[in-house]
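Below is one structure, written out as structure tokens; comments come after it.
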Amino acid sequence: MRAGLLPKLLITPSALLVLVCVYGYIMFTFYLSFTPSTMMPQYQLGGTASYQRLLGLENWSVALSNLWVFASLYIVCTLVLGLAFAILIDQKVRAESAFRSVFLYPMALSFIVTGTAWKWLLDPGVGLERTMHLAGWESFAFSWIKDSDLAIYCVVIAAVWQTTGFVMAMFLAGLRGVDSEQINAARVDGAKTWQIYLRIIIPQLGPVFVSAFVILAHMAVKSYDLVIALTNGGPGRSTWLPSVFMYQYTFTRNEMAVGAASSVLMLIAIGVVVLPYLHSEMKKVKHG
């Protein structure tokens, strides 16, 4: 009995911290979203007024539109590049470990560091455009970060650079787990390398695609620090995402209830992506 009690005692402080600091504050935020809270929390219930106001705000529509552009490009580009790099490294190239380290290195950086570095690189006054001008290419122009129509693509570029190596590692692990007998049989039958990947290997990477998609989707929805470090939400509102909207309305515009409502909708969006995946994985564990 003592042997079973000790692990429970050791895990209890961590469990209590998670219960209070994660789930407790989630419930508190959910409650605030139904109150008329402004600069400070108010505890009398006010119905769904904050949700109605949220859904009627143009800033929220802009944030959702930006999220759609950012998330779709970010997920697709990261999956494609991650798979391409994994296939490249899977060809038994020399210095494979060095290539893996190079591709994985960006994931070791925080999004604040990534955003700051890419801000310097993309700034026309000090970055790539300035360097090309000093090198003699006076006609070179790359000022997307200052363009309200193109700035969101700068966020996509930085985010893809940050996480492609991680997705590559996931695909590489999947490639190394494919049954070699099927591949050898296909080669005996005269199948070309691209046919083997297209018809045999890639179809078996379905679970990896799903796992990578879930991870990238939830990262896209909650992206905040990268946007703030890179563009600070600008120019104007051109790179506002729901997370930026939530911070602005909660802490800058003193509409805490609206900010809480937006965070609840973000949580629901993440749950729609993550919970079915967790359910399927738990079923596999239970039946496997």
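Since the structure is predicted, the reported quantities are computational estimates derived from the model, not experimental observations.
Clustering ILVMFWY residues whenever any of their side-chain heavy atoms sit less than 4.5 angstrom apart, transitively, puts Ile112 in a cluster other than the one holding Trp120. When the side chains of ILVMFWY residues are joined at heavy-atom separations under 4.5 Å, either directly or via intervening members, Ile26 and Val274 end up in two distinct hydrophobic clusters. Linking Ile, Leu, Val, Met, Phe, Trp and Tyr residues whenever their side-chain heavy atoms come within less than 4.5 Å leaves Met266 and Met27 in two separate clusters. Neither Phe103 nor Val80 shares a network with the other; the hydrophobic side chains, linked directly or stepwise wherever heavy atoms of I, L, V, M, F, W or Y lie under 4.5 Å apart, form separate groups for each. Note on Val244 and Leu55: same hydrophobic cluster, where clusters join Ile, Leu, Val, Met, Phe, Trp and Tyr whose side-chain heavy atoms are under 4.5 Å apart, directly or indirectly.
For the pair Arg176 and Asp90, the salt-bridge criterion is met [side-chain N within less than 4.0 Å of a carboxylate O].
Between the side chains of Tyr51 and Ser33, a donor-acceptor pair is found at a separation under 3.5 Å. Looking at Ser148 and Ser238, their side chains never bring a donor and an acceptor atom within 3.5 Å of each other. Defined by atom type and a distance below 3.5 Å, a donor-acceptor pair is missing between the side-chain atoms of Tyr74 and Ser223. A donor-acceptor contact under 3.5 angstrom links the side chains of Gln204 and Gln182, judged on distance only.
Counting only heavy atoms from C-beta outward, the side chains of Phe171 and Ile87 never approach each other to under 4.5 Å. Considering only heavy atoms from C-beta on, Arg187 comes within 4.5 Å of Ile196 through its side chain. Between Ser243 and Lys222 there is no side-chain heavy-atom pair separated by less than 4.5 Å. Side-chain contact between Ile89 and Met168: present, with at least one pair of heavy atoms (C-beta onward) separated by less than 4.5 Å. Under the 4.5 Å side-chain criterion, counting only non-hydrogen atoms from C-beta, Ile157 is in contact with Trp144. Contact check for Thr231 versus Lys119: no side-chain heavy atoms found under the 4.5 Å cut-off. Here the side chains of Val273 and Ile270 are not in contact, with every heavy-atom distance at 4.5 Å or above. Annotation: side chain of Met132 is not in contact with side chain of Arg130 (no heavy-atom distance under 4.5 Å).
Of the possible donor and acceptor atoms, one in the side chain of Thr35 sits under 3.5 Å from a partner among the backbone N and O of Leu32. Proximity of a side-chain donor or acceptor of Asn232 to a complementary backbone N or O of Gly234 within less than 3.5 Å is not detected. Proximity of a side-chain donor or acceptor of Glu255 to a complementary backbone N or O of Thr38 within less than 3.5 Å is not detected. Judged by distance alone, the side chain of Ser143 and the main-chain N or O of Lys146 form no donor-acceptor pair under 3.5 Å. For the pair Gln248 (side chain) and Phe245 (backbone), a donor-acceptor distance under 3.5 Å is absent. A donor-acceptor contact shorter than 3.5 Å is absent between the side chain of Ser65 and the backbone of Ser61.
Expressed to the nearest 0.5 Å, how far CZ of Phe30 lies from CG of Leu267 amounts to 10.0 Å. Taking CG from Leu19 and OG1 from Thr12, the interatomic distance works out to 11.5 Å, rounded to the nearest 0.5 Å. We find the CG-CZ distance between Leu88 and Phe85 to be 8.0 Å, quoted to the nearest 0.5 Å. For the atom pair OG1 (Thr164) and CG (Leu83), the distance works out to 11.5 Å, reported to the nearest 0.5 Å. How far CD1 of Ile75 is from CE of Met219: 10.5 Å, rounded to the nearest 0.5 Å. Atoms CG and CE, on Leu54 and Met246 in that order, are 12.0 Å from each other to the nearest 0.5 Å.
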List, one per line, each side-chain donor-acceptor pair under 3.5 Å for residues 256-264, sequence neighbours excluded.
| from | atom 1 | to | atom 2 | distance (Å) |
| --- | --- | --- | --- | --- |
| Ser262 | OG | Gly259 | O | 2.6 |
| Ser263 | OG | Ala260 | O | 2.6 |

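Remark: Glu181 CD is loosely packed, at most 12 non-hydrogen atoms of other residues, nucleotides or ligands lying under 6.0 Å away. With a 6.0 Å radius and a threshold of 12 heavy atoms from other residues, nucleotides or ligands, Tyr153 has its OH atom at or below the threshold. The 12-atom threshold is not exceeded at CD of Glu58, counting heavy atoms of other residues, nucleotides or ligands nearer than 6.0 Å.
Relative orientation of the Tyr247 and Phe251 rings is tilted, given thresholds of 30° and 60° on the angle between their planes. Aromatic ring orientation, Phe28 versus Tyr43: tilted (interplanar angle from 30° to 60°).
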Verify side-chain contact (heavy atoms from CB on, under 4.5 Å) between Leu241 and Tyr224, making sure each step is shown before the conclusion. CA-CA 8 Å; Leu241 296 179; Tyr224 174 78; over 6 Å; no
Dump the intermediate steps for side-chain contact (heavy atoms from CB on, under 4.5 Å) on Asp123 and Val126, then the final yes or no. CA-CA 6 Å; Asp123 191 316; Val126 297; 3.7 Å; yes
Working for side-chain contact (heavy atoms from CB on, under 4.5 Å), residues Leu122 and Leu128: CA-CA 6 Å; Leu122 299 176; Leu128 182 62; 5.7 Å; no
Evaluate the side-chain contact (heavy atoms from CB on, under 4.5 Å) criterion for residues Leu57 and Tyr249: first the C-alpha distance (whole Å), next the side-chain angles of each, then the deciding distance (0.1 Å), finally the verdict. CA-CA 11 Å; Leu57 287 171; Tyr249 273 77; 3.7 Å; yes
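In terms of heavy-atom proximity, Trp240 sits nearest to Arg253 at CH2-NH2, 3.7 Å. The two residues Pro124 and Ile145 come nearest to each other via the heavy atoms CD-CG2, 4.1 Å. Listed here is the closest heavy atom pair of Pro242 and Leu64: CG-CD2, 4.2 Å. In this structure, Arg237 and Asn66 approach most closely via the heavy-atom pair O-ND2, 3.1 Å. Residues Leu79 and Ala212 share a closest heavy-atom pair of CD2-CB, 3.6 Å. Leu104 approaches Gly165 most closely through the heavy-atom pair CD2-O, 3.3 Å.
Of the listed residues (Val69, Thr239, Leu73), just one forms a side-chain contact (heavy atoms from CB on, under 4.5 Å) with Val155, and that residue is Thr239.
No close placement of the Phe213 and Phe209 rings is indicated, their centers lying 6.0 Å or farther apart. Checked against the 6.0 Å centroid criterion, the rings of Trp68 and Phe70 do not qualify as a close aromatic pair.
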